[in-house]
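Okay, structure first, notes after.
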There are 2 protein chains.
Amino acid sequence: MMYESFKLFAGVLSNRTRFDIVMLLMKKEMSVLELCSESAYEQSRVSHNLKCLLNCGFVDVEQHGRRHVYSLNHEMKDLISEIENHIQLYEARLRKCDILREET
Amino acid sequence: MMYESFKLFAGVLSNRTRFDIVMLLMKKEMSVLELCSESAYEQSRVSHNLKCLLNCGFVDVEQHGRRHVYSLNHEMKDLISEIENHIQLYEARLRKCDILREET
DNA sequence: ATATCATATGACGCATTGGTCATTTTTAAT
DNA sequence: ATTAAAAATGACCAATGCGTCATATGATAT
């Protein structure tokens, strides 16, 4: 079981589009179009990936008129910011292994 | 940059074969054949994935005669056991969302 | 030197994933 | 009721990832 949930978690976030969306939603809740303009990804792309995030419990939606406002699930928010810390550690370790290129 | 390292980390572990190998190496260091028999994966499969794990800094090798003994990078070991804790949290959350099926 | 054991590598094929385009659904405004 | 705005969906295609099979490399023992 452990693995299924890890795979789900990792799979969701190891995609640039979804990762970016999640990071945007870390700041504030947004509608689909707002996410589009902030991310510069096209609408259907954002929608498809929001659906995925919704299915996996990463985000919640609330509908106001014709805007669907997406927010990061507040429990996920905590979890993700903790993961962020770990990743920074991991980054440092990867650099030691010369896996990651230095930024230009 | 953050994303690249996350993707690397997540990508490596969101594969059943590698995940299993890592979990086996959490217990003790092993040769390729030992990993094969413990995991029931065939040799080339294990080798390919060990190479990946090696490239990403997850594991180290030491050669004794014709045995190549793989061990979990000790820094990674800490990191992974911390991640394990988070995943348990995440699992609980996913269950609340009815994403994960109950075990049979 | 040859045979055998342990591991690594390469090439190929299948399956999965993800993005795009076009279209549809839903809601609000006039 | 029609139009326009906002979001969702479906189908298709391209790219990627992964496992398998066959083969190669390296190391030890005889």
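Note that the structure is predicted; figures quoted are calculated from it, not measured. Scope of the values below: all heavy atoms of this structure, side chains included, with no hydrogens, waters or symmetry mates. The chains referred to below are lettered A, B, ... by the order of the sequence lines, with proteins before strands, and numbering in each begins at 1.
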Can you see if the side chain of A:K51 gets near the phosphate of D:dA8 - specifically, an N or O under 4.0 Å from OP1 or OP2? no

Which nucleotide wins on minimum distance to the side chain of A:T17, given the candidates D:dA8, C:dA8, C:dG19? C:dG19

CZ (A:R18) and SG (A:C56) are apart, to the nearest 0.5 Å, by 7.5 Å

Side chain of A:Q63 only, please: which of D:dC18, C:dT27, D:dA6 is the nearest? C:dT27

Less than 4.0 Å between a side-chain N and a carboxylate O, is that true for A:R67 and A:E62? no

Within less than 4.0 Å of OP1 or OP2 of C:dA8, is there a side-chain N or O belonging to B:Y70? yes

Under 4.0 angstrom between A:R18 side-chain N/O and C:dG18 OP1 or OP2: yes

Rounded off to whole Å, could you give me the CG-to-P distance for the B:L53 and C:dT7 pair? 16 Å

In whole Å, I'd like the distance from the CZ atom of B:R45 to the C1' atom of C:dC14. 14 Å

Can you tell me if the side-chain N/O atoms of B:N15 get under 4.0 Å from OP1 or OP2 in D:dG17? no

Among D:dA7, C:dG19, D:dG10, the one nearest any side-chain atom of A:H48 is D:dG10

Side-chain N or O of A:S47 less than 4.0 angstrom from OP1 or OP2 on D:dT9? no

With no angle test and no hydrogens, is the base of D:dC21 tied to the side chain of B:S44 by a donor-acceptor pair under 3.5 Å? yes

Could you check how far CG of A:L33 sits from P of D:dA8, rounded to whole Å? 10 Å

Rounded to the nearest angstrom, tell me the gap between atom CD in B:E34 and atom P in C:dC5. 17 Å

In whole angstroms, how far is the P atom of D:dT9 from the CG atom of A:N49? 13 Å

Which of these nucleotides, C:dA8, D:dA7, C:dT9, is closest to any side-chain atom of B:H68? C:dA8

Between A:D20 (CG) and C:dG19 (C1'), how many Å, whole number? 14 Å

Distance-only donor-acceptor test, B:Q43 side-chain atoms vs C:dA6 base atoms, 3.5 Å: no

Proximity to the side chain of B:R66 - top-ranked nucleotide from D:dT9, D:dT28, C:dT27: D:dT28

Tell me: CD of B:E42 to C1' of D:dA22, nearest whole Å? 11 Å

Let me know the distance between CG of B:L50 and P of C:dT7, rounded to the nearest Å. 10 Å

